[in-house]
Number of protein chains: 2
Amino acid sequence: MAIIGDLSLDLDKISSDTMADVVEMRLRDYFKKKSFKPGDALPKEQELADALGVSRNVLREALSRLRMLGMVETKKKRGMILSSPDVLGGFERVLDPLIISADALQDLFELRLILEMGLADVLYLNLNDQSIHELEMIANNEKKKNKEIFRIANEIAFHGKLYEMAGNDTVKRFQHMLLPVFGFVLQLENEFVSGKVTHLDLVEILKSGTKDDFRNGMYDHLKPHFDRLEAIKK
Amino acid sequence: MAIIGDLSLDLDKISSDTMADVVEMRLRDYFKKKSFKPGDALPKEQELADALGVSRNVLREALSRLRMLGMVETKKKRGMILSSPDVLGGFERVLDPLIISADALQDLFELRLILEMGLADVLYLNLNDQSIHELEMIANNEKKKNKEIFRIANEIAFHGKLYEMAGNDTVKRFQHMLLPVFGFVLQLENEFVSGKVTHLDLVEILKSGTKDDFRNGMYDHLKPHFDRLEAIKK
DNA sequence: CATAATTAATATGTACTACATATTTACAAA
DNA sequence: TTTGTAAATATGTAGTACATATTAATTATG
């Protein structure tokens with residue numbers, strides 16, 4: 001006798017791609033196959049629609065997606081050109097803590113910790129006295145202001161500066177996008193404790209310490225977060 | 001006398017948002033303001049279009065973007081629901097080494113190195129004998145196969161397994177998406193040398209070494225890449 | 001002849017209409 | 001109670017029309 005278990009495990013959902021989904025993929029393939037490069041002019045909408053056998057409506061729905069990602073730009077009469085997308089644009093649009101899954105939130109929380117811990121090597125490649133001095137100014141500023149109220153702003157300023165010093169704009173932006181997620185997770189846990197190593201301590205390490213010193217300092221600075229992770233994993 | 005420099009630096013481009021751009025933003029704001037959560041039903045297309053004062057066409061172009069990102073799903077008659085987007089979907093669609101800028105390529109190359117170096121802490125939180133054993137199998141397998149031909153596949157398998165062991169699906173996928181970029185940059189440089197520390201060495205460290213040992217081992221494993229970075233930065 | 005002004009041509013942006021299709025709901029039939 | 005049928009409805013798709021901005025061509029003008 002046949003055993004009927006969870007149907008959803010045995011029967012895959014019927015994939016109902018719309019024409020816009022298909023056209024989006026086909027356009028991608030077309031650009032690749034023809035090795036279009038940024039700046040190259042694309043055929044006009046009606047030609048593409050005719051070639052694909054769809055209405056101009058459907059084609060524009062697909063184009064709208066590519067335009068959002070920055071893959072294509074259009075000028076009124078000149079037509080469309082392929083362009084260099086902002087690699088983080090699509091990521092940014094989706095990063096709302098209220099709508100992404102709890103698992104993804106947790107993963108992104110960890111991702112930021114991974115970034116902070118991995119930054120040392122690239123950071124030390126770009127280190128110079130001027131930027132260390134600027135970082136120190138930021139850390140010093142924290143003492144003046146009300147610690148509780150400006151705590152989050154201070155965190156953002158200091159760590160953001162670290163990424164800036166690493167000289168990698170994409171990673172800096174990336175980390176900045178992760179901040180709301182990070183804050184959201186912490187808020188859920190009602191946990192705002194600080195590690196033993198302060199921002200000023202980290203500055204001192206940058207002045208005279210090694211990469212390893214910095215990594216260890218950063219770990220201690222982030223220790224409460226890692227402790228939280230450890231507690232969860234068990 | 002007025003000095004005329006680079007015009008593009010002095011004159012901002014006129015922002016010519018299309019209706020679809022505006023509607024996309026307005027829908028986002030609407031979802032937030034009404035605190036829609038995944039699963040909630042959205043008004044029907046015609047109602048939204050009427051409310052926004054645009055044609056159903058324009059509204060659908062905006063919706064098409066949100067659908068692509070996985071923010072909304074639609075069923076034929078039931079209407080639309082807000083849903084949990086795949087946080088990396090938008091990123092994945094744009095990661096074509098042939099169209100993203102050279103700067104972004106370089107940044108992403110560094111980003112992968114940062115991830116590898118930062119992985120240790122999260123990895124050690126999840127470590128267990130079983131997964132170490134599986135990793136060892138992968139590393140051992142490399143010796144059997146033709147090293148040159150399978151070199152890239154081996155790299156992907158080993159490092160992919162490391163991310164899997166870290167127990168963070170998002171980061172694992174993220175790293176996997178970065179691989180083509182990584183490979184592309186290396187290919188440009190015609191550089192495929194390995195560090196002194198092999199995959200098997202890393203496995204041994206995982207068995208009996210500390211987090212710091214692992215980080216140092218990973219750094220040595222990736223040393224050629226860091227050397228390349230250092231050469232570029234100067 | 002060179003520059004400015006005008007006109008024509010064209011591709012995109014937007015709106016509107018129409019209809020097929022899938023899915024729900026309700027109801028009828030077995 | 002389950003199954004089958006019919007009506008209702010929201011989305012998916014096609015097609016037409018036109019406004020607008022931009023380019024190209026043409027004419028006017030000094």
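All values below were derived from every heavy atom in this structure, side-chain atoms included, with hydrogens, water molecules and symmetry-related copies excluded. We name chains A, B, ... by the order of the sequence lines, and we start the count at 1 in each one.
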Practice item. Would you mind reading off the distance between B:E47 atom CD and D:dT11 atom C1', rounded to a whole angstrom? Key: 13 Å
**Study point:** From CA spacing to verdict: side chain to side chain donor-acceptor pair (under 3.5 Å), A:H199, A:E142
**Key:** CA-CA 9 Å; A:H199 289 167; A:E142 298 175 11; 2.6 Å; yes
Practice item. Starting at atom NZ of B:K44, determine the distance to atom P of D:dT9, rounded to an integer number of angstrom. Key: 8 Å
**Study point:** Distance, rounded to the nearest Å, where A:M80 contributes CE and D:dT23 contributes C1'
**Key:** 17 Å
Practice item. Give a yes or no on whether a salt bridge exists between B:K34 and B:D29, defined as a side-chain N under 4.0 angstrom from a carboxylate O. Key: no
Study note, to complete from the structure: For A:P43 and A:Y30 the tightest heavy-atom approach is CG-OH, 3.5 Å
Exercise for review: Tell me which residues in residues 25-39 of chain B put a heavy atom below 4.0 Å from DNA chain C, sorted by number, or none.
Suggested key: none
Review point. Judged by atom type as modelled, is there a donor-acceptor pair below 3.5 Å linking the side chain of A:S131 to the main-chain atoms of A:N128?
Key: yes
Only distances under 3.5 Å count here; give the side-chain donor-acceptor pairs of residues 102-115 of chain B to other protein atoms, sequence neighbours excluded, each with its distance to 0.1 Å.
from: B:D107; atom 1: OD2; to: A:T170; atom 2: N; distance (Å): 3.2
from: B:D107; atom 1: OD2; to: A:T170; atom 2: OG1; distance (Å): 2.7
from: B:E110; atom 1: OE1; to: A:N168; atom 2: ND2; distance (Å): 2.9
from: B:E110; atom 1: OE2; to: B:K233; atom 2: NZ; distance (Å): 3.1
from: B:R112; atom 1: NE; to: B:E116; atom 2: OE2; distance (Å): 3.4
from: B:R112; atom 1: NH2; to: B:E116; atom 2: OE2; distance (Å): 3.1

Point to revise | Nearest-angstrom distance from the residue atom CD of A:E73 to C1' of C:dA11 | key: 16 Å
**Study point:** Atom-pair distance (CG on B:D50; C1' on C:dC16), nearest Å
**Key:** 12 Å
Point to revise | Spacing between A:R60 atom CZ and C:dC16 atom P, to the nearest angstrom | key: 16 Å
**Study point:** Min side-chain heavy-atom separation B:K32-B:R28 under 4.5 Å
**Key:** no
Check your understanding: Below 6.0 angstrom between ring centroids: does that apply to B:Y163 and B:F174?
Key -> no
**Study point:** Value in whole Å for how far the P atom of D:dG12 lies from CG of A:L52
**Key:** 19 Å
**Study point:** A:S64 side chain to B:A20 backbone, donor-acceptor under 3.5 Å
**Key:** no
Exercise for review: Specify the separation, in whole Å, of atom CD1 of B:I81 and atom P of D:dA10.
Suggested key: 16 Å
Practice item. Specify the closest pair of heavy atoms between A:L69 and B:G90, including all atoms of both residues, with the distance to one decimal. Key: CD2-O, 4.2 Å
Practice item. Return the set of residues passing side-chain contact (heavy atoms from CB on, under 4.5 Å) with B:M80 (not counting sequence neighbours), or none when no residue passes. Key: B:L42, B:E45, B:L48, B:L63, B:T74
Point to revise | Short side-chain N/O contact to C:dT12 OP1/OP2 from B:T18, under 4.0 Å | key: no
Check: protein-nucleotides 14-20 of chain D nitrogen or oxygen pairs below 3.5 Å:
from: D:dA14; atom 1: OP2; to: A:S55; atom 2: N; distance (Å): 2.7
from: D:dA14; atom 1: OP2; to: A:S55; atom 2: OG; distance (Å): 3.0
from: D:dA14; atom 1: N7; to: A:N57; atom 2: ND2; distance (Å): 3.4
from: D:dG15; atom 1: O6; to: A:N57; atom 2: ND2; distance (Å): 3.0

Practice item. Please determine if a side-chain N or O atom of A:T74 lies less than 4.0 Å away from the OP1 or OP2 oxygen of C:dA11. Key: no
Study note, to complete from the structure: For A:K44, the side-chain contact (heavy atoms from CB on, under 4.5 Å) test, sequence neighbours excluded, returns A:E47
Study note, to complete from the structure: Within residues 61-69 of chain A, the residues having a heavy atom closer than 4.0 Å to DNA chain D are none
